[in-house]
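Notes for the one structure printed next.
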Amino acid sequence: MSVLVIGSIAFDTIETSQARKERILGGAANFASAAASHFSKVQLVGIVGSDYPEDWFAKLRSRGVDTSGVERARGKSFFWEGRYAPDFGSRETLDTQLGVFENYSPTLPRSYRSPAIAFLGNIAPDLQSTVLSQLEPGTVTAMDTMNLWLDMNRDLVFQLVEKVEILLVNDEEAMDMTSECHPMSAARKLATMGPRIVVVKMGGHGAVVVHEGKPFFAPGYPVELVVDPTGAGDSFAGAFLGSLAAERQIDRRAVNRALVYGNAVASYVVEHFEPAAVLEMTRRTILERFIYIRELIDY
Ligand code: AMP
């Protein structure tokens, strides 16, 4: 069972109150694939420029990620720069350069068209739509988005929301999309728009899910030293969907378990820079954090 992932494959420049890292590896699809690879096979779709290091893809392949759906084009890779507030409670985007993503039109290899789950990760909604139209019927579809795409092409984002079965967004986006002022009420409202499963991520606080009308909440794993929250949401999504793809059926138990796995993996991401850390996370660390969170819920 595999998870197809499309999204940005990027260089990031990150500024926190403690450090500044220039042009490190990032991108929604890198974080999501690295996280999903701990649970299922992954098929990665995207594009990079001639400036992107090949050894990153070799690392992904060594963890069972199929990278044959990644194109390499002449030009620059996607670039994003962000600055975090000292308490990591908010961040500001300083720069987004689409680079080779600007003229990209993904064509899925034949072997990519019927994954167990297709994740339309964070990238322009027209690219998400192009991938959606190439999937075989029966594929479970999931999507994420970001404030930039809601600002640029809100209508298309909402058209996609109507078509997918699983929606994962963060609390800010969920409230922006619904005009609700609580993550759970926003999740409930989004669930009336089409998706069978809506997950609203709340950073270090955890995440809520509404599955076929029923709500569930899982708290975050307590992290004492945040280094860089970049990619936490994407890694959450990768772990959530990878875990679901490994289940025999997507029922309430499987969804709630996936939510705990999402929180467990995301907590590790914020303690490190770059997606390589997610890829190298051990099974033992994932399980320890999973059990810790489960015990918080299972009084
Ligand atoms: P997250 O912290 O989970 O929201 O993900 C941040 C990652 O998404 C960074 O590594 C960026 O390269 C990437 N990113 C930032 N802005 C965008 C955007 N507008 N579209 C796609 N990816 C983005």
Side-chain angles (χ1 to χ4, degrees), residues 5-16 21-36 44-49 51-52 56 76-85 88-102 104 106 119-128 131 142-154 156-157 160 168-174 176 199-204 207 220 226-241 262-263 265-279:
V5 176
I6 165 127
S8 53
I9 301 176
F11 286 117
D12 290 346
T13 290
I14 310 286
E15 203 178 309
T16 71
K21 295 272 182 184
E22 307 256 356
R23 290 180 69 78
I24 57 177
L25 298 195
N30 274 343
F31 282 106
S33 313
L44 177 60
V45 185
I47 189 167
V48 292
D51 50 1
Y52 216 75
W56 166 244
K76 289 199 167 159
S77 299
F78 188 104
F79 173 75
W80 176 76
E81 179 170 358
R83 183 194 292 142
Y84 287 89
F88 292 104
S90 60
R91 78 174 176 209
E92 197 186 342
T93 289
L94 302 176
D95 196 3
T96 305
Q97 291 172 26
L98 299 183
V100 288
F101 268 96
E102 199 154 2
Y104 175 49
F119 178 42
L120 312 173
N122 189 15
I123 195 62
D126 50 334
L127 297 186
Q128 294 178 314
V131 168
M143 75 175 276
D144 188 4
T145 191
M146 200 167 155
N147 44 10
L148 177 74
W149 308 118
L150 282 163
D151 294 343
M152 284 176 65
N153 203 344
R154 200 173 181 87
L156 184 53
V157 173
L160 286 165
L168 300 113
V169 281
N170 73 26
D171 42 5
E172 239 176 78
E173 290 142 10
D176 173 20
V199 176
V200 176
K201 301 164 279 177
M202 303 185 298
V226 176
V227 170
D228 174 18
T230 306
D234 310 308
S235 306
F236 179 104
F240 179 86
L241 298 171
N263 279 335
V265 171
S267 70
Y268 189 80
V269 178
V270 307
E271 294 172 333
H272 302 83
F273 285 105
E274 299 199 87
V278 194
L279 205 56

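First listed ligand is number 1; within each ligand, the first listed atom is number 1. Basis for what follows: all heavy atoms, side chains included, without hydrogens, waters or symmetry-related copies. What you are looking at is a predicted structure, and each value in this text was computed from that prediction instead of being measured.
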Does any non-hydrogen side-chain atom of [Y] lie less than 4.5 Å from one of [X]?
X	Y	value
Phe78	Thr96	yes
Pro106	Leu127	yes
Phe119	Ile6	no

Using a 4.0 Å cut-off to any heavy atom of [X], which atoms of ligand 1 qualify?
X	value
Gly231	1 (P), 2 (O), 3 (O), 5 (O), 6 (C)
Gly26	10 (O)
Ala10	12 (O)
Leu148	19 (N)
Ala232	3 (O)

By ring pair (Phe, Tyr, Trp, His ring centres under 6.0 Å), which residues pair with Tyr104, not counting sequence neighbours?
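Testing Tyr104 for ring pair (Phe, Tyr, Trp, His ring centres under 6.0 Å), a comparison that skips the adjacent residues, returns Phe101.
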
Check each heavy atom of Thr230 against ligand 1 and say whether those closer than 4.0 Å belong to the side chain, the backbone, both or neither.
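For Thr230, the contact with ligand 1 is made by both the backbone and the side chain.
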
Using a heavy-atom cut-off of under 4.0 Å, does the side chain or the backbone of Ser235 touch ligand 1, or both, or neither?
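The answer is neither; Ser235 stays 4.0 Å or more away.
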
Who pairs with Glu271 by salt bridge (Lys or Arg N to Asp or Glu O under 4.0 Å), at least two apart in sequence or on another chain?
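By the salt bridge (Lys or Arg N to Asp or Glu O under 4.0 Å) rule, Glu271 matches Arg289.
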
Of the protein's non-hydrogen atoms, which lies at the shortest distance from [atom], and what is that distance?
atom	result
atom 13 (C) of ligand 1	Ser8 OG, 3.7 Å
atom 17 (C) of ligand 1	Met146 SD, 3.5 Å
atom 5 (O) of ligand 1	Asp234 OD2, 2.6 Å
atom 21 (C) of ligand 1	Asn122 O, 3.1 Å

Any nitrogen or oxygen of [X], side chain or backbone, less than 3.5 Å from one on ligand 1?
X	value
Gly27	yes
Gly233	yes
Asp12	yes
Arg91	yes

Report yes or no: does [X] contribute a side-chain atom to a donor-acceptor pair with the main-chain N or O of [Y] at less than 3.5 Å?
X	Y	value
Glu92	Arg83	no
Asn153	Trp149	no
Glu81	Leu94	no

Does Phe31 come within less than 4.0 angstrom of ligand 1, counting non-hydrogen atoms of the residue?
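Heavy atoms of Phe31 do come under 4.0 Å of ligand 1.
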
Tell me whether ligand 1 is touched by Trp149 - counting only heavy atoms on the residue side and a distance under 4.0 Å.
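Contact present.
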
Kindly indicate, with the supporting measurements, whether the criterion side-chain hydrogen bond (donor to acceptor under 3.5 Å, both in side chains) is fulfilled by Thr230 and Tyr84.
CA-CA 9 Å; Thr230 306; Tyr84 287 89; 2.7 Å; yes

So which of Ile14, Asp12, Thr13 actually passes side chain to side chain contact (heavy atoms under 4.5 Å, CB included) with Glu22?
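Testing each of Ile14, Asp12, Thr13 against Glu22, the sole residue satisfying side chain to side chain contact (heavy atoms under 4.5 Å, CB included) is Thr13.
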
Show the nearest heavy-atom pair for residues Leu241 and Leu168, with the distance to one decimal.
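Minimum heavy-atom separation between Leu241 and Leu168: CD1-CD1, 4.2 Å.
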
